[in-house]
Protein chains: 2
Amino acid sequence: MALGTDYAQQDCSLARALEVVGERWSLLIVRDAFYGVRRFNDFLVHLDIPRAVLTARLRALVEAGVLRKEPYQDGPVRYEYLLTEAGLELWLPVHALARWGERHAAEHASHTVFTHDACGNRISPVGICVPCGVAVAPAHVVMRPAPGDRRSPRTDPVTLALARPRALLTPVLTEGQH
Amino acid sequence: MALGTDYAQQDCSLARALEVVGERWSLLIVRDAFYGVRRFNDFLVHLDIPRAVLTARLRALVEAGVLRKEPYQDGPVRYEYLLTEAGLELWLPVHALARWGERHAAEHASHTVFTHDACGNRISPVGICVPCGVAVAPAHVVMRPAPGDRRSPRTDPVTLALARPRALLTPVLTEGQH
DNA sequence: CCACCTCAGTCTGGTGAATGAACTCACTCG
DNA sequence: CGAGTGAGTTCATTCACCAGACTGAGGTGG
(Lines give C-alpha, C1' and ligand atoms only; values in the text may rest on other atoms or scores of the structure.)
Protein backbone atom coordinates (compact mmCIF):
# COMPACT_ATOMS: atom_id res chain seq x y z
CA MET A 1 0.00 0.00 0.00
CA ALA A 2 0.95 3.56 -0.14
CA LEU A 3 2.22 4.69 3.19
CA GLY A 4 5.36 2.67 3.84
CA THR A 5 3.37 -0.41 4.71
CA ASP A 6 4.71 -2.65 2.06
CA TYR A 7 6.18 -5.78 3.62
CA ALA A 8 8.22 -5.92 0.44
CA GLN A 9 10.06 -9.10 1.24
CA GLN A 10 7.05 -11.08 2.30
CA ASP A 11 6.03 -13.13 -0.65
CA CYS A 12 2.73 -14.22 0.77
CA SER A 13 -0.92 -13.53 0.26
CA LEU A 14 -1.47 -12.60 3.89
CA ALA A 15 1.15 -9.89 3.53
CA ARG A 16 -0.58 -8.67 0.37
CA ALA A 17 -3.90 -8.55 2.20
CA LEU A 18 -2.32 -6.63 5.04
CA GLU A 19 -0.93 -4.09 2.63
CA VAL A 20 -4.53 -3.33 1.71
CA VAL A 21 -6.33 -3.58 5.04
CA GLY A 22 -3.54 -3.92 7.56
CA GLU A 23 -3.03 -0.31 8.43
CA ARG A 24 -4.41 1.26 11.52
CA TRP A 25 -8.10 2.14 11.02
CA SER A 26 -8.53 0.34 7.69
CA LEU A 27 -10.42 -2.67 9.00
CA LEU A 28 -12.54 -0.48 11.27
CA ILE A 29 -13.53 1.57 8.24
CA VAL A 30 -14.46 -1.62 6.43
CA ARG A 31 -16.45 -2.81 9.44
CA ASP A 32 -18.32 0.50 9.49
CA ALA A 33 -19.03 0.11 5.81
CA PHE A 34 -20.64 -3.26 6.58
CA TYR A 35 -22.66 -1.54 9.26
CA GLY A 36 -24.06 0.82 6.64
CA VAL A 37 -21.85 3.84 7.21
CA ARG A 38 -21.23 5.52 3.87
CA ARG A 39 -20.31 9.16 4.26
CA PHE A 40 -17.12 10.89 5.20
CA ASN A 41 -18.65 12.65 8.16
CA ASP A 42 -20.34 9.55 9.49
CA PHE A 43 -17.08 7.62 9.45
CA LEU A 44 -15.47 10.62 11.09
CA VAL A 45 -17.80 10.93 14.06
CA HIS A 46 -18.24 7.21 14.53
CA LEU A 47 -14.57 6.27 14.39
CA ASP A 48 -13.10 9.34 16.07
CA ILE A 49 -10.38 9.28 13.48
CA PRO A 50 -8.32 12.29 12.40
CA ARG A 51 -9.77 13.75 9.21
CA ALA A 52 -6.50 13.54 7.32
CA VAL A 53 -6.12 9.88 8.16
CA LEU A 54 -9.69 9.13 7.09
CA THR A 55 -9.08 10.90 3.79
CA ALA A 56 -5.94 8.86 3.20
CA ARG A 57 -7.51 5.53 4.19
CA LEU A 58 -10.61 6.02 2.09
CA ARG A 59 -8.48 6.93 -0.89
CA ALA A 60 -6.28 3.87 -0.35
CA LEU A 61 -9.24 1.53 0.05
CA VAL A 62 -10.80 2.90 -3.13
CA GLU A 63 -7.52 2.46 -4.98
CA ALA A 64 -7.24 -1.07 -3.67
CA GLY A 65 -10.73 -1.86 -4.94
CA VAL A 66 -12.26 -2.48 -1.53
CA LEU A 67 -14.52 0.58 -1.62
CA ARG A 68 -15.95 2.60 -4.47
CA LYS A 69 -16.97 6.23 -4.47
CA GLU A 70 -20.48 7.07 -5.68
CA PRO A 71 -21.91 10.58 -6.01
CA TYR A 72 -25.12 10.98 -4.01
CA GLN A 73 -25.92 14.68 -4.47
CA ASP A 74 -25.20 17.45 -6.90
CA GLY A 75 -25.08 20.90 -5.33
CA PRO A 76 -21.57 20.49 -4.15
CA VAL A 77 -20.93 16.99 -5.40
CA ARG A 78 -20.75 14.59 -2.48
CA TYR A 79 -19.67 11.01 -2.59
CA GLU A 80 -20.49 8.04 -0.51
CA TYR A 81 -18.21 5.08 -0.03
CA LEU A 82 -19.62 1.64 -0.74
CA LEU A 83 -18.09 -1.80 -0.51
CA THR A 84 -17.16 -3.40 -3.81
CA GLU A 85 -17.46 -7.11 -4.50
CA ALA A 86 -13.95 -7.59 -3.16
CA GLY A 87 -14.83 -5.49 -0.13
CA LEU A 88 -17.90 -7.58 0.59
CA GLU A 89 -15.74 -10.67 0.65
CA LEU A 90 -13.90 -9.19 3.60
CA TRP A 91 -16.96 -10.06 5.67
CA LEU A 92 -15.55 -13.42 6.58
CA PRO A 93 -12.17 -12.27 7.88
CA VAL A 94 -13.68 -9.21 9.58
CA HIS A 95 -16.36 -11.25 11.28
CA ALA A 96 -13.95 -14.01 12.28
CA LEU A 97 -11.56 -11.50 13.78
CA ALA A 98 -14.33 -9.72 15.66
CA ARG A 99 -15.56 -13.03 17.10
CA TRP A 100 -12.03 -13.81 18.17
CA GLY A 101 -11.75 -10.41 19.83
CA GLU A 102 -15.03 -11.01 21.60
CA ARG A 103 -13.78 -14.29 23.03
CA HIS A 104 -10.24 -13.30 23.85
CA ALA A 105 -9.80 -9.57 24.13
CA ALA A 106 -13.05 -7.87 24.91
CA GLU A 107 -14.27 -8.62 28.39
CA HIS A 108 -15.15 -5.00 28.89
CA ALA A 109 -16.56 -4.07 25.52
CA SER A 110 -20.14 -4.01 24.37
CA HIS A 111 -21.01 -7.08 22.38
CA THR A 112 -23.06 -7.24 19.26
CA VAL A 113 -25.11 -10.24 18.21
CA PHE A 114 -25.30 -11.20 14.54
CA THR A 115 -28.26 -13.28 13.41
CA HIS A 116 -29.65 -14.72 10.20
CA ASP A 117 -32.58 -12.60 9.00
CA ALA A 118 -34.50 -15.62 7.72
CA CYS A 119 -34.48 -17.63 10.94
CA GLY A 120 -33.13 -15.43 13.72
CA ASN A 121 -30.37 -17.82 14.75
CA ARG A 122 -26.90 -16.59 15.46
CA ILE A 123 -24.23 -16.64 12.80
CA SER A 124 -21.18 -18.77 13.57
CA PRO A 125 -17.70 -17.26 13.51
CA VAL A 126 -17.25 -18.62 10.02
CA GLY A 127 -20.34 -16.78 8.83
CA ILE A 128 -22.73 -19.66 8.47
CA CYS A 129 -26.14 -20.18 10.02
CA VAL A 130 -25.77 -23.64 11.49
CA PRO A 131 -29.52 -24.54 11.71
CA CYS A 132 -30.12 -23.42 8.15
CA GLY A 133 -26.82 -24.82 6.95
CA VAL A 134 -26.09 -21.86 4.72
CA ALA A 135 -23.39 -19.23 4.47
CA VAL A 136 -25.21 -15.99 5.20
CA ALA A 137 -24.36 -13.05 2.96
CA PRO A 138 -23.82 -9.78 4.83
CA ALA A 139 -27.08 -8.31 3.52
CA HIS A 140 -28.96 -11.10 5.30
CA VAL A 141 -27.19 -10.60 8.60
CA VAL A 142 -29.02 -8.68 11.31
CA MET A 143 -26.98 -6.97 14.02
CA ARG A 144 -28.24 -5.87 17.42
CA PRO A 145 -26.65 -5.08 20.77
CA ALA A 146 -26.28 -8.17 22.94
CA PRO A 147 -29.19 -8.46 25.36
CA GLY A 148 -28.44 -6.98 28.76
CA ASP A 149 -25.40 -5.25 27.38
CA ARG A 150 -24.38 -2.00 28.91
CA ARG A 151 -24.85 0.89 26.57
CA SER A 152 -21.92 2.20 24.64
CA PRO A 153 -20.73 5.49 26.14
CA ARG A 154 -20.81 7.06 22.69
CA THR A 155 -23.63 9.42 21.82
CA ASP A 156 -22.93 10.44 18.25
CA PRO A 157 -25.84 9.96 15.83
CA VAL A 158 -24.14 7.09 14.01
CA THR A 159 -23.64 5.07 17.19
CA LEU A 160 -27.24 5.73 18.17
CA ALA A 161 -28.52 4.70 14.75
CA LEU A 162 -26.51 1.47 14.97
CA ALA A 163 -27.89 0.65 18.40
CA ARG A 164 -31.22 -0.59 17.06
CA PRO A 165 -31.50 -3.93 15.27
CA ARG A 166 -30.78 -3.62 11.58
CA ALA A 167 -29.51 -5.55 8.60
CA LEU A 168 -25.91 -5.05 7.55
CA LEU A 169 -25.30 -2.78 4.57
CA THR A 170 -28.51 -0.77 5.06
CA PRO A 171 -27.51 2.89 4.93
CA VAL A 172 -27.22 4.68 8.24
CA LEU A 173 -29.64 7.58 8.33
CA THR A 174 -28.24 10.69 9.89
CA GLU A 175 -31.05 12.93 8.67
CA GLY A 176 -32.76 13.42 11.98
CA GLN A 177 -29.81 15.07 13.65
CA HIS A 178 -31.36 18.60 13.55
CA MET B 1 -2.10 -2.55 23.45
CA ALA B 2 1.04 -0.81 24.35
CA LEU B 3 2.25 1.37 21.57
CA GLY B 4 -0.42 3.99 21.06
CA THR B 5 -2.57 1.59 19.13
CA ASP B 6 -5.54 1.76 21.39
CA TYR B 7 -8.66 2.77 19.48
CA ALA B 8 -9.86 4.00 22.85
CA GLN B 9 -13.24 5.19 21.72
CA GLN B 10 -14.18 2.12 19.76
CA ASP B 11 -16.36 0.03 21.95
CA CYS B 12 -16.27 -3.02 19.75
CA SER B 13 -14.71 -6.43 19.76
CA LEU B 14 -13.06 -5.92 16.38
CA ALA B 15 -11.24 -2.89 17.79
CA ARG B 16 -10.18 -4.97 20.78
CA ALA B 17 -8.86 -7.68 18.48
CA LEU B 18 -6.97 -5.11 16.45
CA GLU B 19 -5.35 -3.74 19.57
CA VAL B 20 -3.84 -7.19 19.99
CA VAL B 21 -2.99 -8.20 16.43
CA GLY B 22 -3.61 -5.02 14.43
CA GLU B 23 -0.15 -3.58 14.53
CA ARG B 24 2.26 -3.83 11.69
CA TRP B 25 3.93 -7.28 11.69
CA SER B 26 1.75 -8.82 14.41
CA LEU B 27 -0.34 -11.01 12.14
CA LEU B 28 2.69 -12.01 10.10
CA ILE B 29 4.36 -13.15 13.30
CA VAL B 30 1.27 -15.17 14.16
CA ARG B 31 1.23 -16.64 10.68
CA ASP B 32 4.86 -17.65 11.05
CA ALA B 33 4.02 -19.24 14.38
CA PHE B 34 1.41 -21.36 12.59
CA TYR B 35 4.06 -22.27 10.06
CA GLY B 36 6.20 -23.64 12.88
CA VAL B 37 8.57 -20.74 13.39
CA ARG B 38 9.40 -20.52 17.08
CA ARG B 39 12.68 -18.75 17.68
CA PHE B 40 13.62 -15.12 17.71
CA ASN B 41 16.21 -15.50 15.02
CA ASP B 42 13.97 -17.51 12.76
CA PHE B 43 11.26 -14.86 12.92
CA LEU B 44 13.95 -12.28 12.32
CA VAL B 45 15.39 -13.75 9.14
CA HIS B 46 12.08 -14.92 7.76
CA LEU B 47 10.19 -11.68 8.29
CA ASP B 48 12.99 -9.21 7.64
CA ILE B 49 11.74 -7.21 10.57
CA PRO B 50 13.84 -4.80 12.65
CA ARG B 51 15.04 -6.55 15.78
CA ALA B 52 13.63 -3.96 18.13
CA VAL B 53 10.22 -4.23 16.54
CA LEU B 54 10.28 -8.02 16.76
CA THR B 55 11.19 -7.82 20.44
CA ALA B 56 8.31 -5.42 21.09
CA ARG B 57 5.77 -7.47 19.13
CA LEU B 58 6.70 -10.76 20.71
CA ARG B 59 6.46 -9.20 24.14
CA ALA B 60 3.07 -7.68 23.31
CA LEU B 61 1.73 -10.94 21.89
CA VAL B 62 2.88 -12.81 24.97
CA GLU B 63 1.25 -10.22 27.22
CA ALA B 64 -1.93 -10.47 25.20
CA GLY B 65 -1.98 -14.23 25.64
CA VAL B 66 -1.52 -15.06 21.97
CA LEU B 67 1.96 -16.52 22.36
CA ARG B 68 3.75 -18.06 25.31
CA LYS B 69 7.46 -18.22 25.97
CA GLU B 70 8.97 -21.63 26.70
CA PRO B 71 12.62 -22.28 27.56
CA TYR B 72 14.18 -24.74 25.14
CA GLN B 73 17.79 -24.82 26.30
CA ASP B 74 19.77 -24.13 29.41
CA GLY B 75 23.31 -22.95 28.76
CA PRO B 76 22.27 -19.44 28.18
CA VAL B 77 18.53 -19.83 28.66
CA ARG B 78 16.75 -19.46 25.35
CA TYR B 79 13.05 -19.26 24.82
CA GLU B 80 10.81 -20.22 21.98
CA TYR B 81 7.49 -18.64 21.24
CA LEU B 82 4.49 -20.91 20.89
CA LEU B 83 0.85 -20.19 20.14
CA THR B 84 -1.48 -20.43 23.12
CA GLU B 85 -5.04 -21.72 22.89
CA ALA B 86 -6.20 -18.20 22.09
CA GLY B 87 -3.46 -17.86 19.51
CA LEU B 88 -4.47 -21.10 17.82
CA GLU B 89 -7.96 -19.73 17.42
CA LEU B 90 -6.54 -16.99 15.24
CA TRP B 91 -6.16 -19.62 12.55
CA LEU B 92 -9.59 -18.86 11.16
CA PRO B 93 -9.18 -15.08 10.75
CA VAL B 94 -5.59 -15.45 9.55
CA HIS B 95 -6.50 -18.07 7.00
CA ALA B 96 -9.61 -16.19 5.85
CA LEU B 97 -7.60 -13.02 5.38
CA ALA B 98 -4.85 -14.82 3.50
CA ARG B 99 -7.42 -16.44 1.17
CA TRP B 100 -8.92 -12.99 0.58
CA GLY B 101 -5.49 -11.60 -0.22
CA GLU B 102 -4.88 -14.46 -2.62
CA ARG B 103 -8.07 -13.69 -4.51
CA HIS B 104 -7.93 -9.92 -4.46
CA ALA B 105 -4.47 -8.62 -3.81
CA ALA B 106 -1.84 -11.15 -4.75
CA GLU B 107 -1.61 -11.70 -8.47
CA HIS B 108 2.13 -11.57 -8.25
CA ALA B 109 2.81 -13.45 -5.05
CA SER B 110 3.64 -17.07 -4.56
CA HIS B 111 0.63 -19.05 -3.49
CA THR B 112 0.49 -21.71 -0.89
CA VAL B 113 -1.97 -24.58 -0.89
CA PHE B 114 -3.46 -25.81 2.36
CA THR B 115 -4.84 -29.32 2.47
CA HIS B 116 -6.38 -31.69 4.98
CA ASP B 117 -3.80 -34.26 6.12
CA ALA B 118 -6.38 -37.05 6.31
CA CYS B 119 -7.73 -36.75 2.77
CA GLY B 120 -5.51 -34.35 0.85
CA ASN B 121 -8.35 -32.06 -0.21
CA ARG B 122 -7.99 -28.33 -0.01
CA ILE B 123 -9.21 -26.42 3.01
CA SER B 124 -11.93 -23.84 2.31
CA PRO B 125 -11.45 -20.19 3.29
CA VAL B 126 -13.49 -20.87 6.43
CA GLY B 127 -11.11 -23.64 7.42
CA ILE B 128 -13.23 -26.67 6.72
CA CYS B 129 -12.54 -29.66 4.52
CA VAL B 130 -15.66 -29.78 2.40
CA PRO B 131 -15.46 -33.45 1.33
CA CYS B 132 -14.85 -34.59 4.90
CA GLY B 133 -17.29 -32.06 6.29
CA VAL B 134 -15.07 -31.18 9.23
CA ALA B 135 -13.33 -28.09 10.53
CA VAL B 136 -9.65 -28.90 10.24
CA ALA B 137 -7.49 -27.93 13.21
CA PRO B 138 -4.20 -26.25 12.25
CA ALA B 139 -2.18 -29.31 13.28
CA HIS B 140 -4.00 -31.31 10.61
CA VAL B 141 -3.44 -28.79 7.86
CA VAL B 142 -0.64 -29.47 5.39
CA MET B 143 0.89 -26.53 3.55
CA ARG B 144 2.86 -26.70 0.32
CA PRO B 145 3.78 -24.28 -2.45
CA ALA B 146 1.12 -24.15 -5.17
CA PRO B 147 2.07 -26.43 -8.07
CA GLY B 148 3.88 -24.64 -10.85
CA ASP B 149 4.44 -21.67 -8.62
CA ARG B 150 7.49 -19.59 -9.17
CA ARG B 151 9.98 -19.92 -6.36
CA SER B 152 10.09 -17.28 -3.71
CA PRO B 153 13.13 -15.06 -4.17
CA ARG B 154 14.07 -15.55 -0.53
CA THR B 155 16.89 -17.88 0.35
CA ASP B 156 17.05 -17.78 4.14
CA PRO B 157 16.95 -21.19 5.83
CA VAL B 158 13.47 -20.64 7.22
CA THR B 159 11.98 -19.91 3.80
CA LEU B 160 13.74 -22.96 2.40
CA ALA B 161 12.50 -25.17 5.22
CA LEU B 162 8.95 -23.96 4.62
CA ALA B 163 9.13 -24.68 0.91
CA ARG B 164 8.63 -28.42 1.33
CA PRO B 165 5.23 -29.86 2.23
CA ARG B 166 4.69 -29.92 5.97
CA ALA B 167 1.98 -29.83 8.61
CA LEU B 168 1.31 -26.55 10.35
CA LEU B 169 2.79 -26.11 13.81
CA THR B 170 5.63 -28.58 13.25
CA PRO B 171 8.80 -26.83 14.38
CA VAL B 172 11.01 -25.39 11.69
CA LEU B 173 14.43 -26.99 11.84
CA THR B 174 17.30 -24.67 11.26
CA GLU B 175 19.98 -27.06 12.46
CA GLY B 176 21.44 -27.99 9.14
CA GLN B 177 22.40 -24.49 8.11
CA HIS B 178 26.19 -24.94 8.42
C1' DC C 1 43.13 -19.13 26.47
C1' DC C 2 42.15 -15.92 23.15
C1' DA C 3 39.58 -15.02 18.93
C1' DC C 4 35.52 -15.79 16.92
C1' DC C 5 30.64 -17.31 16.61
C1' DT C 6 25.57 -17.69 17.92
C1' DC C 7 21.44 -16.17 19.97
C1' DA C 8 18.59 -12.80 21.80
C1' DG C 9 18.33 -9.07 22.74
C1' DT C 10 19.12 -3.28 23.82
C1' DC C 11 20.52 1.38 22.25
C1' DT C 12 20.74 5.18 19.05
C1' DG C 13 19.71 8.58 15.81
C1' DG C 14 17.06 9.58 11.83
C1' DT C 15 12.68 9.33 9.07
C1' DG C 16 8.10 9.21 8.15
C1' DA C 17 3.43 8.47 9.59
C1' DA C 18 -0.39 9.64 12.92
C1' DT C 19 -2.44 13.11 15.63
C1' DG C 20 -5.58 17.24 16.89
C1' DA C 21 -6.61 21.71 15.71
C1' DA C 22 -7.24 25.21 12.61
C1' DC C 23 -8.28 26.58 8.02
C1' DT C 24 -10.60 26.24 3.10
C1' DC C 25 -14.16 25.96 -0.13
C1' DA C 26 -18.60 25.23 -2.30
C1' DC C 27 -22.94 25.34 -1.43
C1' DT C 28 -27.70 25.73 1.31
C1' DC C 29 -30.94 27.47 4.54
C1' DG C 30 -33.42 31.11 7.08
C1' DC D 1 -26.18 38.31 4.98
C1' DG D 2 -24.59 35.12 8.50
C1' DA D 3 -24.56 30.53 10.12
C1' DG D 4 -24.18 25.83 9.03
C1' DT D 5 -22.72 21.54 6.55
C1' DG D 6 -19.88 18.19 4.20
C1' DA D 7 -15.52 17.04 2.69
C1' DG D 8 -11.55 18.05 2.60
C1' DT D 9 -6.24 20.32 3.23
C1' DT D 10 -2.44 22.33 6.02
C1' DC D 11 0.44 22.46 9.92
C1' DA D 12 3.20 21.54 14.07
C1' DT D 13 3.96 18.01 17.29
C1' DT D 14 4.29 13.44 18.79
C1' DC D 15 5.28 8.83 18.26
C1' DA D 16 6.23 4.52 15.99
C1' DC D 17 9.33 2.34 12.65
C1' DC D 18 13.66 1.67 10.77
C1' DA D 19 18.72 0.11 9.98
C1' DG D 20 22.59 -0.60 12.04
C1' DA D 21 25.79 -0.80 15.94
C1' DC D 22 26.51 -2.57 20.35
C1' DT D 23 26.01 -5.99 24.52
C1' DG D 24 26.45 -10.08 26.99
C1' DA D 25 26.25 -14.93 28.09
C1' DG D 26 27.84 -18.84 26.61
C1' DG D 27 29.84 -22.15 23.19
C1' DT D 28 33.79 -23.60 19.49
C1' DG D 29 38.36 -24.16 17.51
C1' DG D 30 43.27 -23.70 17.00
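Values below: all heavy atoms of this structure, side chains included; hydrogens, waters and symmetry mates excluded. Order of the sequence lines fixes the chain letters, A, B, ..., with proteins taken first and strands second; residue numbering starts at 1 for each chain.
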When rounded to whole Å, the CD to P distance for the pair Gln73(B) and dG9(C) reads 12 Å

When rounded to the nearest 0.5 Å, the distance separating CZ of Arg16(B) from CH2 of Trp100(A) is 12.0 Å

Rounded to whole Å, the CZ-C1' distance (Arg38(B) to dC7(C)) equals 17 Å

Closest to the side chain of Phe40(B), out of dG9(C), dG26(D), dA7(D), is dG9(C)

Rounded to whole Å, NZ of Lys69(A) lies from C1' of dG8(D) at a distance of 10 Å

When rounded to whole Å, the CG to P distance for the pair Leu54(B) and dC7(C) reads 14 Å

By nearest-heavy-atom nucleotide on DNA chain C, the more 5' of Ala52(B) and Gly75(A) is Ala52(B)

By nearest-nucleotide position on DNA chain D, the 5'-leaning member of Val53(B) and Asn41(A) is Asn41(A)

*Do His46(A) and Asp32(A) have a side chain donor and acceptor closer than 3.5 Å?*
yes

Q) Is the distance from OP1 or OP2 of dT19(C) to the nearest side-chain N or O of Trp25(A) less than 4.0 Å? A) yes

Ile49(A) CD1 to dT19(C) P, in whole Å, measures 7 Å

*asked:* Within the supplied structure, the quantity of interest is the number of heavy atoms (other residues, nucleotides, ligands) at a distance under 6.0 Å from Glu85(A) CD; does it exceed 12?
replied: no

Rounded to whole Å, CG of Leu44(A) lies from C1' of dT9(D) at a distance of 14 Å

Indicate, yes or no, whether a donor-acceptor pair under 3.5 Å links the base of dA7(D) to the side chain of Arg51(A).
-> yes

Whole-Å distance, Arg78(B) CZ to dA25(D) C1', equals 7 Å

Query - Tyr81(B) side-chain N/O to dA8(C) phosphate OP1/OP2 under 4.0 Å - result: no

Separation of dA16(D) atom C1' from Arg24(A) atom CZ, nearest Å, is 11 Å

